[in-house]
Engineer: 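Before anything else, here's the structure in question.
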Amino acid sequence: MNKHFNESQIQAYLDSALDAAGQARLETHLHGCPECQRAFEAAHQRSEQVQERLSLLQTQSAAPTLEQARAAFSVYRERKENTMWKKLLSPAQRPALVTVVVILLLAASLAIPSVRAAAVDFLGLFRVQKIQFVQIDLGSKMGDLDSAFQTFGGFLEEQVKFAEKGKTVESTSLEEIRQLASFPIRMPTYPPGDSWEYSFHPGIQAEFTVDASLLQPILSELGDDLQLPQALNGADVKVDVDGGFTARTGDCNRYLEQNQRPRDCITFTQVRSPEVTGPMDADLQELGRIYLRILGFSEQEARSFSQNVDWATTLVVPIPVNDALYTEVDVDGVKGALLRTKTSGNIDLNPYFTLVWIKDGILYGISGRSSTSQALEMANSLK
Amino acid sequence: MSILSDAMTSPQRTAASQASADFETCFEALWPRIYAHLLGMLGDPAEAQDLALETFYRLSVKPVVEVGQMTGWLYRVATNLGLNALRAQKRRQRFEQTAGEQDLLLHAPGDAAQEAERRLERQLVRQVLAQMPPRQAQLLLLRQAGMSYLELAQALGLNPASVGKLLSRAQVEFARRYRTLEGDL
């Protein structure tokens with residue numbers, strides 16, 4: 001009995017990827033089946049042609065030597081790590097600007113799929129009132145997700161223009177700093193008697209133009225159900241982050257010098273929720289769904305999750321499940337998020353934590369090494 | 001993009017230095033191939049080098065890549081970067097020769113007319129790759145780079161049994177688009 005062969009098997013044969021038995025079966029069949037012979041010939045010819053055309057790209061140009069490449073790599077790496085994103089994310093800066101980083105994540109994530117242009121007729125202000133952390137498991141989503149994130153990261157660096165509104169001001173005088181901020185500064189009163197160092201960063205503006213021809217291929221790679229809404233193409237997006245206030249107590253200098261996590265340094269950050277402009281009738285739920293798909297949610301999960309989020313007022317921040325423990329806590333009269341690094345199992349029992357909450361349009365954050373109860377007490381002692 | 005991911009790495013000396021030794025080995029072994037792959041895709045040595053550096057940079061900051069999957073991972077990332085670059089290029093120019101193209105031909109260098117024709121053909125190929133569905137372009141390029149069906153399946157998260165069919169479709173798509181573009185000349 002002869003079985004006709006499908007394109008998969010023919011291609012595998014042509015690529016020498018068919019096992020010996022399969023090869024023999026195919027060859028035998030071809031002898032007696034003119035129809036399959038024709039199909040085979042056509043596939044063969046096409047395969048040869050395509051490969052020949054692709055091989056036109058092969059070159060023998062002199063590559064940089066390994067030494068040259070290594071040197072170039074060092075320079076490249078240093079340049080990458082000195083970009084603003086990396087500066088903000090570097091260990092030394094993180095405690096001081098941890099909440100600003102969360103806000104930039106918000107700005108970035110809102111800017112890419114989730115916000116529409118400042119259109120002529122419809123302008124609305126989205127101000128984040130709530131942060132929702134969602135745990136994602138990067139381990140189980142291989143390749144594409146990671147690669148897509150990298151591409152988005154690279155895309156952000158190249159396409160998003162952002163500028164600092166000024167330089168950081170440092171002081172030991174709270175009054176001096178209070179005058180710089182455009183919102184009321186609250187300070188923890190616990191633990192009593194702590195000495196604090198203050199700094200104020202004027203803020204950041206980010207600008208970005210949505211280019212569908214660059215973004216759509218990235219989305220398409222992740223799923224066929226991800227279509228960038230046509231209206232976004234060419235849209236200009238602006239995000240404004242107002243000044244950030246930071247207070248530090250404890251042994252923070254040693255931390256900064258050695259570029260390691262601090263032992264007893266606690267950082268308290270306070271910043272106004274960022275402003276993003278967009279049309280009131282933006283299909284945020286659809287964009288939110290795309291965002292979740294990018295994070296690795298399945299079509300089903302993304303759809304149901306997206307329906308339960310008020311995207312106009314909520315920032316969804318992804319936390320890889322392997323990196324941190326996330327708990328919702330009551331803090332300062334609102335619901336906040338507590339993130340703790342998973343304990344590494346050495347002597348030090350106080351994990352690194354970050355506590356984030358939003359109240360009255362102000363984003364607060366406390367981070368450092370401490371017990372959870374101390375962190376919460378500090379957060380609840382703000383005046 | 002997790003704000004805490006870096007905070008997680010524990011300061012285990014041996015693990016860190018082992019990781020950098022692995023990276024160095026990997027760099028030595030694969031830089032020439034990745035660079036050549038990108039140069040073929042883009043035609044411009046400066047751009048190829050830039051993207052090759054970016055590829056290795058991403059490897060260097062990635063927490064874990066299993067040794068066996070490293071090659072496939074590098075090729076996949078490099079190919080994606082290359083395709084993105086091609087797509088960005090295509091917005092700016094159609095048949096313009098890429099600046100700084102200096103590659104020697106694999107075939108014996110013919111006379112000027114023949115070289116010009118080859119150049120045009122290469123641009124056509126690049127255009128097709130830029131315009132066709134990214135997944136398919138990626139598959140063709142990785143196959144061309146010498147990956148086996150199994151390696152392709154691993155690198156791209158595919159069912160090994162479907163690689164043949166996907167390749168076949170990718171080829172059909174490539175051939176169709178090439179014919180169309182050629183016809184526009």
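To find a chain, count down the sequence lines: A is the first, B the second, and so on, and within it residues start at 1. Note that this is a predicted model, so its numbers are computed, not measured.
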Engineer: State which residue, out of B:Lys165, B:Arg169, B:Gln171, fulfils the side chain to side chain donor-acceptor pair (under 3.5 Å) condition with A:Glu7.
Structural biologist: B:Arg169
Engineer: If you measure only the distance, is there a donor-acceptor pair under 3.5 Å linking the side chains of A:Gln49 and B:Tyr178?
Structural biologist: no
Engineer: Going from CZ on B:Arg143 to CD on A:Gln11, what distance comes out if it is rounded to the nearest 0.5 angstrom?
Structural biologist: 8.0 Å
Engineer: If every non-hydrogen atom of B:Tyr149 is compared with every non-hydrogen atom of A:Ala12, which pair is closest and at what distance?
Structural biologist: OH-CA, 3.3 Å
Engineer: Which residue is it: B:Leu129, B:Leu42, B:Leu39? I am looking for the one with a side chain to side chain contact (heavy atoms under 4.5 Å, CB included) to A:Leu57.
Structural biologist: B:Leu129
Engineer: I need the A:Leu54 CG to B:Arg126 CZ distance, nearest 0.5 Å.
Structural biologist: 11.5 Å
Engineer: Once you round to the nearest 0.5 Å, how far does CZ of A:Arg70 lie from CD of B:Glu28?
Structural biologist: 5.0 Å
Engineer: For B:Phe56, is it the side chain, the backbone, both or neither that has a heavy atom under 4.5 Å from a heavy atom of chain A?
Structural biologist: both
Engineer: How far apart are the closest heavy atoms of B:Leu53 and A:Ala69, and which atoms are they?
Structural biologist: CD2-O, 4.1 Å
Engineer: Side chain, backbone, both or neither: which part of B:Val172 has a heavy atom under 4.5 Å from chain A?
Structural biologist: both
Engineer: Using a cut-off of under 4.5 Å for heavy-atom pairs, which of B:Gly164, B:Ser168, B:Gly40 has the most such pairs with chain A?
Structural biologist: B:Ser168
Engineer: How are the rings of A:Tyr76 and B:Tyr57 set relative to one another: parallel (under 30°), tilted (30 to 60°) or perpendicular (over 60°)?
Structural biologist: perpendicular
Engineer: On a heavy-atom basis, which atom in B:Ala175 and which in A:Arg46 lie closest, and how many Å separate them?
Structural biologist: CB-CG, 4.2 Å
Engineer: What's the spacing between B:Leu124 CG and A:Arg53 CZ if we round to 0.5 Å?
Structural biologist: 8.5 Å
Engineer: Which atom pair, heavy atoms only, marks the closest approach of B:Gln49 to A:Ala72?
Structural biologist: NE2-CB, 3.6 Å
Engineer: Give me the atom names and distance for the closest heavy-atom approach of A:Ser8 to B:Ala161.
Structural biologist: OG-O, 3.5 Å
